[in-house]
Amino acid sequence: MASQAPGRDARARVAAVIPAKDEAERIAATVRAARALPGVDLVLVVDDGSTDGTATVAADAGARVVRHGRNRGKGAAMESGAEGVRLIEEQQTSNGLVASPRHLLFLDADLADTASGAAPLIEPVLSGAADMTIALFPATRMRLGGHGFVVRLAREGIRRATGWEPEQPLNGQRCLTRAAFEAARPLAPGFGVETGLTIDLLRQGFQVLEVEVPLEHRATGTDLRAQLHRARQFADVGRALAARELRPTLSRGLRNAGERVRGVTRRLARGVGQAGRKKH
C-alpha cells in the first residue's frame with residue numbers, strides 16, 4: 001500500500017494516546033502538555049494495570065482513560081488506545097458531529113512537561129509528507145542508562161527486513177495516520193511493538209520519517225530491575241523479528257539474551273538470599 005499524496009487537510013485532528021503503568025507522578029504533566037499540542041483535540045490514557053493512582057490523576061488532568069485490569073504490555077495498550085479513540089469517534093458521529101478518523105500520536109507517560117515538544121512529529125503526517133514519524137531524541141539522551149544491545153538488535157533487524165536503518169528504532173514517540181495503524185495490526189506484543197510496526201509499514205510501502213524533537217523521559221537505569229526490564233525488551237524485540245521471518249539473523253542474539261536473563265536472575269536471587277540471611 002503506497003503512501004498517500006501530500007496535501008492532506010491540515011485541519012485534520014489528532015488523538016494523543018499515552019500507555020501508562022504506575023506513572024502517577026508524571027502523567028498529569030504529560031497529559032497537560034499533550035492537550036496543548038497543535039491539532040490534538042483528544043488525549044486518551046491507557047492505564048495498563050497500574051497499582052497507583054495513574055488513572056485518577058490522568059482523568060483529573062483532562063484525559064479520557066481506558067483501564068486494563070492487569071498489565072498486558074505496551075502493544076496491547078496501544079491497540080486499546082486506538083480502539084478507545086475509535087469508539088469515541090463513533091459516539092461523536094452518532095451525536096451529529098462530523099468525526100473523520102483522527103491521526104494517532106503515541107507518547108510515553110513519563111515525558112512530563114517535555115511532551116510539549118512533540119509538535120514536529122505531527123506536521124509531516126498532517127501535510128502528507130509521512131505516514132508515520134518516529135522521534136529522534138538528542139544524541140546525548142540516547143546514551144542515558146542503556147547498553148545499546150537492544151537498540152542494535154532492533155536496528156539491524158529492521159535494516160535486514162526493509163533496507164532502512166533507523167537511528168532510534170525503539171523510540172515510542174510516534175505519529176501515524178489511522179490507515180497506517182490499521183495496516184499494521186495486529187501489533188507485535190510487548191516491547192517488540194515499535195520494531196514490528198516499523199517493519200510492517202515499510203514492507204507495505206508506507207512512508208516513515210525520523211524527526212528530531214526536544215523530548216526527554218526518565219532514564220531506565222542500571223540496577224537489577226532495569227537489567228531485567230532490558231532483558232524482557234530484548235526478548236520481545238527478538239520475537240517480533242522472528243515472527244517476521246528473521247530467525248537466522250536472531251539465533252545468536254536470542255541465545256545471548258537468554259544468558260543475560262539467566263545471569264540477572266541469578267544475581268537477583270543471590271541478593272534476595274543475602275538479604276534474608278542478614279535479617280536472621
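- Rounding to the nearest 0.5 angstrom, the gap separating the CD atom in Q233 from the CZ atom in F149 is 8.0 Å.
- Interatomic distance, OG1 of T133 versus NE2 of H103, reported as 10.5 Å (0.5 Å rounding).
- Using a 4.5 Å cut-off on side-chain heavy atoms (C-beta onward), D131 and L176 make no contact.
- A 4.5 Å side-chain heavy-atom check between T198 and I134 finds at least one atom pair inside the cut-off.
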Should R32 and S116 be marked as a side-chain hydrogen bond (donor to acceptor under 3.5 Å, both in side chains) after you check the CA-CA gap, both sets of side-chain angles, and the distance that decides it?
CA-CA 9 Å; R32 287 192 295 265; S116 62; over 6 Å; no
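- Between the side chain of E167 and the backbone N or O of L136, no donor-acceptor pair lies under 3.5 Å.
- Taking both residues in full, the closest heavy atoms of L215 and T114 are given as CD2-O, 2.7 Å, listed atom of the first, atom of the second, then distance.
- Atom CE in M78 sits 5.5 Å away from atom CG in L187 (nearest 0.5 Å).
- Judged by distance alone, the side chain of T162 and the main-chain N or O of L202 form no donor-acceptor pair under 3.5 Å.
- Side-chain contact between D110 and E25 is absent, with no heavy-atom pair separated by less than 4.5 Å.
- Using modelled atom types, no side-chain atom of E212 and backbone atom of A135 make a donor-acceptor pair closer than 3.5 Å.
- Two residues are said to be in side-chain contact when any heavy atoms from C-beta on lie closer than 4.5 Å; V14 and L37 fail this criterion.
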Intermediate values then yes/no, side chain to side chain contact (heavy atoms under 4.5 Å, CB included), V125 and T177
CA-CA 7 Å; V125 175; T177 66; 3.7 Å; yes
Only distances under 3.5 Å count here; give the side-chain donor-acceptor pairs of residues 39-47 to other protein atoms, sequence neighbours excluded, each with its distance to 0.1 Å.
residue : atom : partner : partner atom : Å
D41     : OD1  : R102    : NE           : 2.8
D41     : OD2  : R13     : NH1          : 3.4
D41     : OD2  : R102    : NH2          : 3.2
D47     : OD1  : S50     : N            : 3.0
D47     : OD1  : S50     : OG           : 2.5
D47     : OD2  : R67     : NE           : 3.4

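- The ring-ring contact (aromatic ring centres under 6.0 Å, His included) pairs that include a residue from residues 157-186 are F106-F181, where partners are two or more places apart or lie in different chains.
- Counting non-hydrogen atoms of neighbouring residues, nucleotides and ligands closer than 6.0 angstrom, the CZ atom of R86 exceeds 12 such neighbours.
- No side-chain donor from either of D22 and T54 sits under 3.5 Å from a side-chain acceptor of the other.
- Between R159 and E156, at least one side-chain N (NZ, or NE/NH1/NH2) sits under 4.0 Å from a carboxylate O, which counts as a salt bridge.
- At least one side-chain heavy atom of V150 sits under 4.5 Å from a side-chain heavy atom of V237.
- Looking at every heavy atom in both residues, A183 comes nearest to Q204 through O-NE2, 3.0 Å.
- Between R70 and D48 there is no salt bridge, since no side-chain N of the basic residue sits under 4.0 Å from a carboxylate O of the acidic one.
- Note that CG of L107 is 9.0 Å distant from SG of C175, once rounded to the nearest 0.5 Å.
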Derivation and outcome, side chain to side chain contact (heavy atoms under 4.5 Å, CB included), residues N71 and K21
CA-CA 8 Å; N71 179 245; K21 183 175 188 302; 3.3 Å; yes
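- Looking only at side-chain heavy atoms (C-beta outward), T30 and I18 come within less than 4.5 Å of each other.
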Might you work through the salt bridge (Lys or Arg N to Asp or Glu O under 4.0 Å) test for E89 and R178, ending with a clear yes or no?
CA-CA 12 Å; E89 290 171 346; R178 186 68 65 82; 3.0 Å; yes
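- With a 4.5 Å cut-off on side-chain heavy atoms, P189 and R239 do not count as touching.
- Residue D52 comes nearest to A24 through the heavy atom pair OD2-N, 3.2 Å, listed as atom of the first residue, atom of the second, then distance.
- With rounding to the nearest 0.5 angstrom, the CD atom of E165 is 6.0 Å from the CZ atom of R155.
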Would you please test R185 and E182 for salt bridge (Lys or Arg N to Asp or Glu O under 4.0 Å) and show each step?
CA-CA 5 Å; R185 295 181 69 185; E182 293 299 328; 3.4 Å; yes
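- Summarising the geometry of G190 relative to K74, their closest heavy-atom pair is O-CB, 3.7 Å, with the distance given to 0.1 Å.
- Contact check for Q207 versus L201: no side-chain heavy atoms found under the 4.5 Å cut-off.
- Of all heavy-atom pairs spanning L209 and A130, the tightest one is CB-CB, 4.0 Å.
- Counting heavy atoms of neighbouring residues, nucleotides and ligands inside a 6.0 Å radius, atom CZ of R64 does not exceed 12 of them.
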Starting from the C-alpha separation in whole Å, work towards a yes-or-no answer on side chain to side chain contact (heavy atoms under 4.5 Å, CB included) for L105 and Q173.
CA-CA 7 Å; L105 172 67; Q173 287 35 252; over 6 Å; no
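- Taken from OG1 in T56 to CD1 in I27, the straight-line distance is 12.0 Å, to the nearest 0.5 Å.
- Closest heavy-atom contact between D236 and F191: OD2-N, 2.9 Å.
- Side-chain polar atoms of E194 and N171 form no donor-acceptor pair below 3.5 angstrom.
- Within 6.0 Å of CD on E210 lie more than 12 heavy atoms contributed by other residues, nucleotides or ligands.
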If you apply the rule side chain to side chain contact (heavy atoms under 4.5 Å, CB included), what do you find for Q91 with T93, and how did you get there?
CA-CA 5 Å; Q91 185 178 40; T93 301; over 6 Å; no
